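Being a predicted model, the structure only gives us computed values, none of them experimental. Residue numbers begin at 1 in each chain, while the letters A, B, ... track the order of the sequences. The figures here come from the full heavy-atom set of this structure, side chains too, leaving out hydrogens, waters and symmetry mates.
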Amino acid sequence: MDLGAIDLDHTLGCGQVFRWRKEGGLWTGVVDGHLVRLRQKGKRIDAETELPEGRLRSYFRADDDLEAILKEISRDAYVRRLVDRYRGLRLIRQDPWECSASFILATYSNIPRIKMMIERVCTSFGTDAGGGVFAFPRPEQIIENEPGAENCGLGFRCGRFVAFARQVEAKQVDFDDLRAAGYQDAHARLVELEGIGDKVADCIAVFSLDHLDAFPIDVRIKRALAERYGASGSYRRVSEFARRHFGRYCGYSQEYIYYAEDMKNRKPGPEQA
DNA sequence: AACCAGGTCTCGA
DNA sequence: TCGAGACCTGGT
């Protein structure tokens, strides 16, 4: 299958998604409830899944003109180097609900624990997708068995997580509207919700709502921008610098920078991905 | 044994 | 609008 220029290891391993696993060259994940197995074959991808091909292409943003986007964000030597090093890293178009709920859980924690919390949520509430993997639960699956959330080790995020599930289930959150809206508008409406602040709102915007001009700023990105560009201050201030400096696809630049910063802290292992 | 982690919330200036 | 503190819990 042709998903456009793509490097599966960079795309699925850069940190934008939490649930994909790689074993012996085979990537396994769940998209829209369907088990998906992928293998990189040079420029092409071997896919084994029931997921419609259209959605798989949409998931990997196969229609993005990656070269044009990378050219657009390559506005300084630093990003040019990262684009060159991690070429083939594509943003992913995640399911908005799963993306939102996941990043609500990802606040003030670390990657290993975030993955653990999400896996517990999936096995506690989700549907078996086969292959020993559970799908991320739908909101109603969480509401139906709400007390079960207490056993997922979510800590202070538990209330936020359940409350958000309830709001989505009650259709108090309309992801289609948020997608159709402009970035600023979508961001403003997202931060109104419990558990969603500036950073999580930007993650939702760029990873699931097509707002490629959103630029999530976590501690590492903040540090990197301060060191590389001397950009510091409030979230809003740094955020505006990023949009001004990297342009309308700054969301892509964020992911390359995040990945580079994350790689510094990774320990070498057999499945380096 | 502390310290820290893909932040958010609350409160005071 | 912005900065300071508190905060569940499991890694390191």
Open item on the list: Just to verify, what does F164(A) make a ring-ring contact (aromatic ring centres under 6.0 Å, His included) with, not counting sequence neighbours?
Closed with: W97(A)
- [ ] Give me the residues of residues 244-253 of chain A where at least one heavy atom lies under 4.0 Å from an atom of DNA chain B, by number, or none.
- [x] none
TODO: Indicate, with a heavy-atom threshold strictly under 4.0 Å, whether M116(A) touches base, sugar-phosphate, or nothing.
DONE: sugar-phosphate
Task: Check ion pair R44(A)-D2(A) (N to O, under 4.0 angstrom) - done: no
Task: R80(A)/D76(A) ion pair, N-O < 4.0 Å - done: no
TODO: Could you check whether E150(A) gets within reach of a base, just the sugar-phosphate, or nothing at all, counting any heavy atom under 4.0 Å?
DONE: nothing
Open item on the list: Classify Q16(A) by what it touches in the nucleic acid, base, sugar-phosphate, or nothing, heavy-atom distance under 4.0 Å.
Closed with: base
TODO: Provide the full list of salt bridge (charged side-chain N to carboxylate O under 4.0 Å, His left out) pairs with a residue in residues 204-231 of chain A, sequence neighbours left out, each pair given once.
DONE: R61(A)-D210(A), R93(A)-D210(A), R179(A)-D210(A), R220(A)-D262(A)
Open item on the list: Strictly by salt bridge (charged side-chain N to carboxylate O under 4.0 Å, His left out), give each pair with a member in residues 142-165 of chain A just once, sequence neighbours left out.
Closed with: E146(A)-R166(A)
Task: Within residues 125-140 of chain A or reaching into it, pairs that qualify as salt bridge (charged side-chain N to carboxylate O under 4.0 Å, His left out) - sequence neighbours excluded - done: D95(A)-R138(A)
TODO: Would you indicate what D198(A) reaches in the nucleic acid, counting non-hydrogen atoms under 4.0 angstrom: base, sugar-phosphate, or nothing?
DONE: sugar-phosphate
Got a list of protein N/O to nucleotides 2-6 of chain C N/O distances below 3.5 Å?
from	atom 1	to	atom 2	distance (Å)
dC2(C)	OP1	S234(A)	OG	3.3

Expected rows: protein N/O vs nucleotides 9-11 of chain B N/O, under 3.5 Å:
from	atom 1	to	atom 2	distance (Å)
dC9(B)	OP1	G195(A)	N	2.6

Open item on the list: Give me the stems containing DNA chain B, sorted by first residue, counting only three or more consecutive Watson-Crick or G-U pairs with both distances under 3.5 Å; say none if there aren't any.
Closed with: B:2-5 with C:9-12, B:7-13 with C:1-7
TODO: May I ask you to list the residues of residues 204-225 of chain A, by number, that have any heavy atom positioned under 4.0 Å from an atom of DNA chain C?
DONE: none
Task: Y252(A) and D64(A) side chains, donor-acceptor separation under 3.5 Å - done: yes
- [ ] With sequence neighbours excluded, give me every ring pair (Phe, Tyr, Trp, His ring centres under 6.0 Å) pair touching residues 44-64 of chain A.
- [x] none
Open item on the list: I need the full list of salt bridge (charged side-chain N to carboxylate O under 4.0 Å, His left out) pairs touching residues 109-118 of chain A, with sequence neighbours left out, sorted by first then second residue.
Closed with: none
- [ ] Anything under 30° is parallel, anything over 60° is perpendicular, the rest tilted; go ahead and classify Y229(A) against F241(A).
- [x] tilted
Open item on the list: Near DNA chain C, counting only heavy atoms under 4.0 Å, which residues of residues 79-110 of chain A show up?
Closed with: Y108(A), N110(A)
